[in-house]
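The chain is numbered in sequence order, starting from 1.
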Amino acid sequence: MAKLLPRIGSRKNGRISSRKNARKIPKGVIHVQASFNNTIVTVTDVRGRVISWSSAGACGFRGTRRGTPFAAQTAAGNAIRTVVDQGMQRAEVMIKGPGLGRDAALRAIRRSGILLSFVRDVTPMPHNGCRPPKKRRV
């Protein structure tokens, strides 16, 4: 019978949680992806490593309620609460997508007390890329 070796990064021995809380992050980047169906908020450090994330679906909203501004506000609040506890004071915001949760998520970020150095819209815009689908005939 083979002896089971304990995994170094497993959640059972509690090493991941202790390492996460030990890092002090003074500056970070908040990515907001707002689609029509959901809003995903990801907080990373300056190098791009994910510190915290949340989405409207992860906050308990289901179906059409995931795309609402209130769901986006709740998701942004949940994602930012953990990084404020880790000591983040300054952040840059990157907003992507056409959804309803764009402004609500930004409002929740502003209320959290983090100083925003800039807010940038990084929605991908095609330079006449793919051909659109043919017109619907009803």
Side-chain angles (χ1 to χ4, degrees):
M1 184 103 178
K3 191 175 177 183
L4 290 174
L5 294 173
R7 290 204 320 253
I8 294 171
S10 71
R11 293 189 188 275
K12 284 183 182 171
N13 56 19
R15 184 164 174 253
I16 286 182
S17 62
S18 63
R19 187 179 69 207
K20 260 190 189 175
N21 295 336
R23 275 196 300 192
K24 292 287 181 209
I25 302 110
K27 189 171 187 225
V29 184
I30 302 170
H31 300 270
V32 178
Q33 183 180 359
S35 67
F36 291 117
N37 297 324
N38 202 355
T39 303
I40 303 169
V41 181
T42 309
V43 184
T44 66
D45 59 3
V46 182
R47 289 179 56 190
R49 295 178 296 191
V50 174
I51 301 163
S52 167
W53 69 273
S54 183
S55 69
C59 291
F61 295 95
R62 285 284 167 243
T64 55
R65 287 192 288 276
R66 279 190 312 189
T68 60
F70 178 69
Q73 181 180 331
T74 310
N78 283 359
I80 289 171
R81 195 176 304 126
T82 57
V83 295
V84 168
D85 295 341
Q86 291 182 14
M88 184 181 285
Q89 294 135 3
R90 309 197 56 162
E92 306 165 355
V93 180
M94 310 279 200
I95 299 179
K96 182 193 282 188
L100 295 169
R102 294 167 55 105
D103 301 327
L106 185 59
R107 232 176 281 128
I109 292 166
R110 283 230 164 98
R111 258 199 322 236
S112 68
I114 294 177
L115 293 171
L116 302 182
S117 51
F118 64 82
V119 179
R120 184 178 291 168
D121 186 11
V122 291
T123 305
M125 298 297 268
H127 301 288
N128 276 355
C130 298
R131 181 175 174 159
K134 64 182 182 190
K135 287 276 193 202
R136 275 188 67 198
R137 291 192 293 258
V138 182

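When all heavy atoms of Arg102 and Ala34 are compared, the closest pair comes out as CG-CB, 3.7 Å. The two atoms that bring Val119 and Leu116 nearest to each other are CG2-CD1, 4.2 Å, heavy atoms only. Residues Pro69 and Leu100 approach most closely at CG-O, 4.0 Å, considering heavy atoms. In terms of heavy atoms, Asn38 sits closest to Gly57 at OD1-N, 3.5 Å. A pairwise comparison of heavy atoms in Ala75 and Cys59 identifies CA-SG, 3.7 Å as the closest pair. Taking every heavy atom of both residues into account, Ala91 and Met88 meet most closely at CB-SD, 4.3 Å.
By the ring-ring contact (aromatic ring centres under 6.0 Å, His included) test, Phe36 pairs with no residue at all, sequence neighbours left out.
Between the CD atom of Gln73 and the CG atom of Asn78 there is a distance of 11.0 Å, given to the nearest 0.5 Å. Interatomic distance, CG of Asp85 versus CD1 of Ile80, reported as 12.0 Å (0.5 Å rounding). A distance of 12.5 Å separates OG1 in Thr42 from CE in Met94, rounded to the nearest 0.5 Å. Summarising the geometry, atom NZ belonging to Lys96 is positioned 10.0 Å from atom CD1 belonging to Ile40; distances are rounded to the nearest 0.5 Å. In this structure, the separation between NZ on Lys27 and CG on Asp45 is 11.5 Å, given to the nearest 0.5 Å. To the nearest 0.5 Å, atoms CD (Gln86) and CD1 (Ile25) are separated by 4.0 Å.
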Trace of the side-chain contact (heavy atoms from CB on, under 4.5 Å) decision for Ile30 with Val83: CA-CA 10 Å; Ile30 302 170; Val83 295; over 6 Å; no
Pair Arg110-Leu106, side-chain contact (heavy atoms from CB on, under 4.5 Å): steps then yes or no: CA-CA 6 Å; Arg110 283 230 164 98; Leu106 185 59; 4.3 Å; yes
Cut-off 3.5 Å, no hydrogens considered: what does the side-chain donor-acceptor table look like for residues 123-137, sequence neighbours left out?
from, atom 1, to, atom 2, distance (Å)
Thr123, OG1, Gly97, N, 3.1
Thr123, OG1, Asp121, OD1, 2.7

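When hydrophobic clusters are built by joining Ile, Leu, Val, Met, Phe, Trp and Tyr residues whose side-chain heavy atoms come closer than 4.5 Å, directly or via intermediates, Ile114 is grouped together with Ile95. When hydrophobic clusters are built by joining Ile, Leu, Val, Met, Phe, Trp and Tyr residues whose side-chain heavy atoms come closer than 4.5 Å, directly or via intermediates, Val43 is grouped together with Val84.
Under the 3.5 Å distance criterion, the side-chain polar atoms of Ser52 are matched with a main-chain donor or acceptor of Ala79. Looking at Thr44, its side chain never comes within 3.5 Å of a backbone N or O of Arg49 through a donor-acceptor pair.
Ile109 has its side chain within reach of Val32: a pair of non-hydrogen atoms, C-beta onward, lies under 4.5 Å apart.
Within the structure, salt bridge (Lys or Arg N to Asp or Glu O under 4.0 Å) pairs that include any residue of residues 50-65 do not occur (at least two apart or interchain).
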